[in-house]
**Q** 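Structure incoming, see below.
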Amino acid sequence: MEENQNVLIRFAKAAFYLLDAPVVFFREKIVEPNQQKYPWYHEKFRRVPTIDECYTDDIVCYTEANLQYHRDRAVDDAIISILRARYEECMLYHGQDDKESCASIWKTFEDANTAWFTKYGDLGTTANAKHVYMKQKHRMVWERRHGPVGSGMKA
(Lines give C-alpha, C1' and ligand atoms only; values in the text may rest on other atoms or scores of the structure.)
Protein backbone atom coordinates (compact mmCIF):
# COMPACT_ATOMS: atom_id res chain seq x y z
CA MET A 1 0.00 0.00 0.00
CA GLU A 2 2.81 2.40 0.86
CA GLU A 3 4.53 1.72 -2.45
CA ASN A 4 1.34 2.67 -4.37
CA GLN A 5 1.13 5.96 -2.47
CA ASN A 6 4.79 6.61 -3.17
CA VAL A 7 4.22 6.06 -6.91
CA LEU A 8 1.16 8.32 -6.83
CA ILE A 9 3.13 11.07 -5.07
CA ARG A 10 5.96 10.78 -7.61
CA PHE A 11 3.47 10.92 -10.48
CA ALA A 12 1.75 13.98 -9.01
CA LYS A 13 5.09 15.75 -8.51
CA ALA A 14 6.17 14.91 -12.05
CA ALA A 15 2.88 16.17 -13.48
CA PHE A 16 3.15 19.32 -11.35
CA TYR A 17 6.69 20.08 -12.52
CA LEU A 18 5.83 19.20 -16.11
CA LEU A 19 2.82 21.54 -16.22
CA ASP A 20 3.46 24.20 -13.62
CA ALA A 21 7.21 24.79 -13.77
CA PRO A 22 7.27 26.24 -17.34
CA VAL A 23 4.38 28.59 -16.49
CA VAL A 24 6.01 29.81 -13.29
CA PHE A 25 9.38 30.20 -15.04
CA PHE A 26 7.80 32.21 -17.89
CA ARG A 27 5.93 34.48 -15.47
CA GLU A 28 8.83 35.10 -13.08
CA LYS A 29 11.59 35.50 -15.68
CA ILE A 30 9.80 37.18 -18.60
CA VAL A 31 6.44 38.72 -17.67
CA GLU A 32 7.09 40.29 -14.25
CA PRO A 33 10.46 41.95 -15.09
CA ASN A 34 8.88 43.61 -18.14
CA GLN A 35 5.82 44.97 -16.35
CA GLN A 36 5.65 48.61 -15.40
CA LYS A 37 4.98 48.94 -11.70
CA TYR A 38 2.68 51.75 -10.63
CA PRO A 39 -0.03 52.05 -8.01
CA TRP A 40 -3.55 51.64 -9.36
CA TYR A 41 -4.51 55.11 -8.16
CA HIS A 42 -1.85 56.67 -10.40
CA GLU A 43 -3.01 55.00 -13.58
CA LYS A 44 -2.00 57.04 -16.60
CA PHE A 45 -4.40 57.14 -19.52
CA ARG A 46 -3.07 58.18 -22.88
CA ARG A 47 -4.55 61.38 -24.23
CA VAL A 48 -6.96 60.75 -27.05
CA PRO A 49 -7.87 63.12 -29.86
CA THR A 50 -10.27 65.84 -28.78
CA ILE A 51 -13.76 66.05 -30.25
CA ASP A 52 -12.70 68.70 -32.78
CA GLU A 53 -10.10 66.30 -34.23
CA CYS A 54 -12.65 63.50 -34.84
CA TYR A 55 -14.29 62.85 -38.18
CA THR A 56 -18.07 63.21 -38.17
CA ASP A 57 -18.66 59.50 -38.77
CA ASP A 58 -15.99 58.17 -36.39
CA ILE A 59 -18.02 56.77 -33.50
CA VAL A 60 -14.98 55.28 -31.76
CA CYS A 61 -13.21 58.65 -31.71
CA TYR A 62 -16.37 60.33 -30.36
CA THR A 63 -16.64 57.72 -27.61
CA GLU A 64 -12.98 58.08 -26.63
CA ALA A 65 -13.31 61.88 -26.59
CA ASN A 66 -16.37 61.61 -24.33
CA LEU A 67 -14.55 59.26 -21.96
CA GLN A 68 -11.61 61.68 -21.88
CA TYR A 69 -14.04 64.55 -21.18
CA HIS A 70 -15.55 62.66 -18.24
CA ARG A 71 -12.08 61.89 -16.82
CA ASP A 72 -11.02 65.54 -17.19
CA ARG A 73 -14.22 66.76 -15.56
CA ALA A 74 -13.77 64.34 -12.65
CA VAL A 75 -10.22 65.64 -12.14
CA ASP A 76 -11.40 69.27 -12.28
CA ASP A 77 -14.22 68.49 -9.82
CA ALA A 78 -11.71 66.88 -7.45
CA ILE A 79 -9.41 69.92 -7.69
CA ILE A 80 -12.29 72.26 -6.81
CA SER A 81 -13.28 70.01 -3.92
CA ILE A 82 -9.72 69.92 -2.55
CA LEU A 83 -9.32 73.69 -2.81
CA ARG A 84 -12.66 74.23 -1.06
CA ALA A 85 -11.64 71.84 1.74
CA ARG A 86 -8.30 73.64 2.14
CA TYR A 87 -10.07 76.98 2.47
CA GLU A 88 -12.55 75.60 4.99
CA GLU A 89 -9.74 74.05 7.04
CA CYS A 90 -7.83 77.32 6.96
CA MET A 91 -10.89 79.22 8.19
CA LEU A 92 -11.43 76.68 10.96
CA TYR A 93 -7.81 76.93 12.03
CA HIS A 94 -7.49 80.73 11.92
CA GLY A 95 -11.08 81.60 12.79
CA GLN A 96 -13.72 83.57 10.94
CA ASP A 97 -12.27 86.95 11.96
CA ASP A 98 -8.80 86.39 10.44
CA LYS A 99 -9.61 86.29 6.73
CA GLU A 100 -6.24 87.74 5.67
CA SER A 101 -4.45 84.50 6.52
CA CYS A 102 -6.62 82.54 4.11
CA ALA A 103 -6.83 85.17 1.36
CA SER A 104 -4.37 83.43 -0.97
CA ILE A 105 -6.21 80.11 -0.66
CA TRP A 106 -9.52 81.87 -1.30
CA LYS A 107 -8.08 83.60 -4.39
CA THR A 108 -6.81 80.27 -5.76
CA PHE A 109 -10.19 78.66 -5.09
CA GLU A 110 -12.08 81.51 -6.77
CA ASP A 111 -9.81 81.42 -9.85
CA ALA A 112 -10.22 77.65 -10.18
CA ASN A 113 -13.97 77.94 -9.65
CA THR A 114 -14.24 80.63 -12.33
CA ALA A 115 -12.24 78.51 -14.77
CA TRP A 116 -14.43 75.49 -13.97
CA PHE A 117 -17.62 77.46 -14.54
CA THR A 118 -16.25 78.91 -17.77
CA LYS A 119 -15.70 75.40 -19.08
CA TYR A 120 -18.51 73.32 -17.53
CA GLY A 121 -21.04 75.77 -16.11
CA ASP A 122 -24.69 75.68 -17.25
CA LEU A 123 -24.19 72.39 -19.14
CA GLY A 124 -26.05 70.07 -16.81
CA THR A 125 -25.34 66.47 -15.95
CA THR A 126 -25.91 65.02 -19.43
CA ALA A 127 -23.22 67.11 -21.11
CA ASN A 128 -20.66 65.47 -23.35
CA ALA A 129 -17.51 66.54 -25.14
CA LYS A 130 -19.44 68.02 -28.06
CA HIS A 131 -21.51 70.26 -25.76
CA VAL A 132 -18.35 71.54 -24.06
CA TYR A 133 -16.73 72.17 -27.44
CA MET A 134 -19.77 74.10 -28.67
CA LYS A 135 -19.83 76.18 -25.49
CA GLN A 136 -16.17 77.05 -26.01
CA LYS A 137 -16.80 77.93 -29.65
CA HIS A 138 -19.75 80.19 -28.80
CA ARG A 139 -17.74 81.92 -26.05
CA MET A 140 -14.86 82.56 -28.45
CA VAL A 141 -17.22 83.99 -31.09
CA TRP A 142 -18.78 86.24 -28.43
CA GLU A 143 -15.35 87.45 -27.29
CA ARG A 144 -14.31 88.21 -30.85
CA ARG A 145 -17.44 90.28 -31.43
CA HIS A 146 -18.00 91.89 -28.05
CA GLY A 147 -14.86 91.55 -25.92
CA PRO A 148 -14.41 89.40 -22.81
CA VAL A 149 -17.52 87.86 -21.35
CA GLY A 150 -18.89 90.09 -18.59
CA SER A 151 -17.45 93.32 -19.99
CA GLY A 152 -20.65 94.31 -21.76
CA MET A 153 -21.43 94.54 -25.44
CA LYS A 154 -19.61 96.82 -27.86
CA ALA A 155 -21.64 99.49 -29.56
Side-chain angles (χ1 to χ4, degrees), residues 12 16-17 19-155:
F16 175 76
Y17 286 118
L19 298 174
D20 191 54
V23 174
V24 170
F25 175 81
F26 182 77
R27 178 159 180 84
E28 289 177 351
K29 301 296 183 202
I30 297 172
V31 174
E32 288 178 359
N34 292 321
Q35 284 182 334
Q36 288 183 347
K37 303 265 192 273
Y38 60 86
W40 61 271
Y41 49 84
H42 284 283
E43 186 175 358
K44 294 180 182 173
F45 294 98
R46 66 178 182 85
R47 297 297 293 188
V48 297
T50 55
I51 196 79
D52 61 321
E53 298 170 357
C54 294
Y55 291 108
T56 55
D57 60 345
D58 192 356
I59 302 300
V60 174
C61 186
Y62 269 54
T63 304
E64 287 179 342
N66 279 329
L67 291 174
Q68 183 70 52
Y69 156 73
H70 287 295
R71 283 193 297 266
D72 290 345
R73 183 166 178 164
V75 168
D76 291 343
D77 290 345
I79 290 170
I80 294 293
S81 177
I82 290 169
L83 290 174
R84 181 182 298 117
R86 284 184 184 171
Y87 176 71
E88 289 172 357
E89 289 170 3
C90 181
M91 291 303 288
L92 282 173
Y93 182 77
H94 291 289
Q96 295 288 339
D97 298 331
D98 188 17
K99 293 188 178 184
E100 293 83 28
S101 300
C102 304
S104 63
I105 298 173
W106 176 253
K107 175 84 169 92
T108 305
F109 169 69
E110 280 295 312
D111 292 344
N113 209 18
T114 302
W116 185 93
F117 192 80
T118 300
K119 187 171 184 180
Y120 304 114
D122 295 333
L123 288 176
T125 57
T126 60
N128 59 24
K130 190 172 183 180
H131 292 139
V132 173
Y133 181 64
M134 287 297 117
K135 180 178 178 177
Q136 179 185 14
K137 182 190 70 125
H138 294 316
R139 183 177 52 81
M140 292 175 80
V141 168
W142 172 272
E143 288 178 349
R144 182 182 297 161
R145 291 182 184 164
H146 306 291
V149 175
S151 64
M153 295 177 64
K154 291 181 191 174

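Please read these numbers as outputs of a predicted model, since none were measured by experiment. Reckoned from all heavy atoms, side chains included, excluding hydrogens, waters and symmetry mates.
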**Q** Nearest heavy-atom pair of R71 and R46: which atoms, and what distance?
**A** NH2-O, 4.4 Å
**Q** Assess whether side-chain contact (heavy atoms from CB on, under 4.5 Å) is satisfied between K99 and H94, documenting all intermediate values.
**A** CA-CA 8 Å; K99 293 188 178 184; H94 291 289; over 6 Å; no
**Q** How close do P22 and Y17 get, counting heavy atoms only, and between which atoms?
**A**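 Residues P22 and Y17, closest heavy atoms: CD-O, 3.6 Å.
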**Q** Provide the closest heavy-atom pair for P49 versus C61 in the form atom of the first, atom of the second, distance.
**A** CB-SG, 4.2 Å
**Q** Between Q68 and V48, which heavy-atom pair has the shortest distance, and what is it?
**A**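 Answer, listing the atom of Q68 first, then V48: CB-CG2, 3.6 Å.
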**Q** Can you list the residues that meet the ring pair (Phe, Tyr, Trp, His ring centres under 6.0 Å) rule with H131, with sequence neighbours excluded?
**A**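 With sequence neighbours excluded, H131 shows a ring pair (Phe, Tyr, Trp, His ring centres under 6.0 Å) to no residue whatsoever.
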**Q** My understanding is that only residues two or more places apart in sequence, or in another chain, count here; which of them pass ring pair (Phe, Tyr, Trp, His ring centres under 6.0 Å) with W106?
**A** Y87, F109
**Q** Output the distance between atom CE (M134) and atom CG (L123), rounded to the nearest 0.5 Å.
**A** 12.0 Å
**Q** Do K135 and F117 form a cation-pi contact, if we require the NZ or CZ to be under 6.0 Å from the six-membered ring centre and within 45 degrees of the ring's axis?
**A** yes
**Q** Roughly how far, to the nearest 0.5 Å, is the CD1 atom of I30 from the CD atom of E32?
**A** 11.5 Å
**Q** Atom CD1 of I80 and atom OH of Y120: how far apart are they, to the nearest 0.5 Å?
**A** 10.0 Å
**Q** About how many Å separate OG1 of T50 and OH of Y69, when rounded to the nearest 0.5 Å?
**A**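 Going from OH on Y69 over to OG1 on T50, the span is 14.5 Å.
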**Q** Drop me the distance from D76's CG to W116's CH2, to the nearest 0.5 angstrom.
**A**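 Reported to 0.5 Å precision, the distance equals 9.0 Å.
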**Q** Enter the distance from I105:CD1 to M91:CE here, rounded to the nearest 0.5 Å.
**A**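 That separation rounds to 10.0 Å.
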**Q** Please tell me whether R139 and Q136 have a donor and an acceptor in their side chains that are separated by less than 3.5 angstrom.
**A** no
**Q** Look at atom CG of N34 and say whether more than 12 heavy atoms of other residues, nucleotides or ligands are closer to it than 6.0 Å.
**A**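 Buried by this count: over 12 neighbours within 6.0 Å.
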**Q** Testing N66, V60, L67 for side chain to side chain contact (heavy atoms under 4.5 Å, CB included) with E64, which one passes?
**A** V60
**Q** How would you list, by chain and number, every residue that makes a salt bridge (Lys or Arg N to Asp or Glu O under 4.0 Å) with E53, sequence neighbours excluded?
**A**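 With sequence neighbours excluded, E53 shows a salt bridge (Lys or Arg N to Asp or Glu O under 4.0 Å) to no residue whatsoever.
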**Q** For H70 versus A127, what's the shortest heavy-atom pair and its separation?
**A**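 So the minimum-distance heavy-atom pair works out to CE1-O, 3.9 Å.
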**Q** Has the side chain of S81 got a donor or acceptor atom that lies under 3.5 Å from a matching backbone atom of D77?
**A**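 Checking the backbone N and O of D77 against the side chain of S81, no donor-acceptor pair under 3.5 Å is found.
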**Q** Does atom CZ (R73) have a neighbourhood of more than 12 heavy atoms from anything else shown, all under 6.0 Å?
**A**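 Yes, the 6.0 Å shell around CZ holds more than 12 heavy atoms from other groups.
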**Q** Do the side chains of D72 and R47 get close enough for a salt bridge, i.e. N-O under 4.0 angstrom?
**A** yes
